[in-house]
Amino acid sequence: MTVSNDLIERLSTETGRRMIDQARQGRRRALATISHICVTVTTDGQTTHDELFDETPTLGQIVDRVGPEAYVVSIRMQRRSLRDRIRLALLAA
């Protein structure tokens, strides 16, 4: 019994896709543990302050935290400090 080259190629391609998907998911999990979402808001148009979220917030979650009268200035992913990452690692152990 011989295995056709088409079957070998298809299995190789599927395996490669699965490995790429697993690596992508791993990078997303790693990025989530070393960063948080920083939402910069203002209520008076002059001063701003940052609200930090562990996961990407919905508009409803932002409004719940800062109130409906606040304006969103920016939303960005910000790396956690090394001290915070070490503290989180120790808490997880």
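The cluster map of Ile, Leu, Val, Met, Phe, Trp and Tyr, joined by side-chain heavy atoms under 4.5 Å apart, puts V41 and M77 in the same cluster.
Remark: S35 OG to L52 CG distance equals 11.5 Å, nearest 0.5 Å. One distance of note links CD1 of I75 with CD1 of I62; it measures 4.0 Å at 0.5 Å rounding. Taking NE2 from H36 and CZ from R79, the interatomic distance works out to 12.0 Å, rounded to the nearest 0.5 Å. A distance of 8.5 Å separates NE2 in H49 from OG1 in T42, rounded to the nearest 0.5 Å. Considering CG of N5 and OG of S12, their distance stands at 11.5 Å, rounded to 0.5 Å.
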Quiz item: Between I37 and E55, is a side-chain contact (heavy atoms from CB on, under 4.5 Å) present by the stated rule, with each step listed?
Solution: CA-CA 6 Å; I37 306 300; E55 296 178 358; over 6 Å; no
Practice problem: Using the side-chain contact (heavy atoms from CB on, under 4.5 Å) rule, take R76 and T40 through it: C-alpha gap first, then chi angles, then the decisive distance, then the call. | Solution: CA-CA 8 Å; R76 68 184 185 281; T40 304; 3.1 Å; yes
Exercise. Walk me through it: do V72 and V39 pass the test side-chain contact (heavy atoms from CB on, under 4.5 Å)?
Key: CA-CA 7 Å; V72 175; V39 179; 4.1 Å; yes
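Judged as a side chain to side chain donor-acceptor pair (under 3.5 Å), and not counting sequence neighbours, T15 has no contacts. Residues meeting the side chain to side chain donor-acceptor pair (under 3.5 Å) test with D21, sequence neighbours left out: R24. By the side-chain contact (heavy atoms from CB on, under 4.5 Å) test, V63 is found to be paired with P68, residues two or more places apart in sequence or in another chain being considered. Under the side chain to side chain donor-acceptor pair (under 3.5 Å) criterion, R18 pairs with no residue at all, not counting sequence neighbours. Partners of E14 under the side chain to side chain donor-acceptor pair (under 3.5 Å) rule, at least two apart in sequence or in another chain, are R10. Residues satisfying the side-chain contact (heavy atoms from CB on, under 4.5 Å) criterion with T43, sequence neighbours excluded, are A70.
Judged purely by atom type and a 3.5 angstrom limit, Q61 uses its side chain to pair as donor or acceptor with the backbone of T58.
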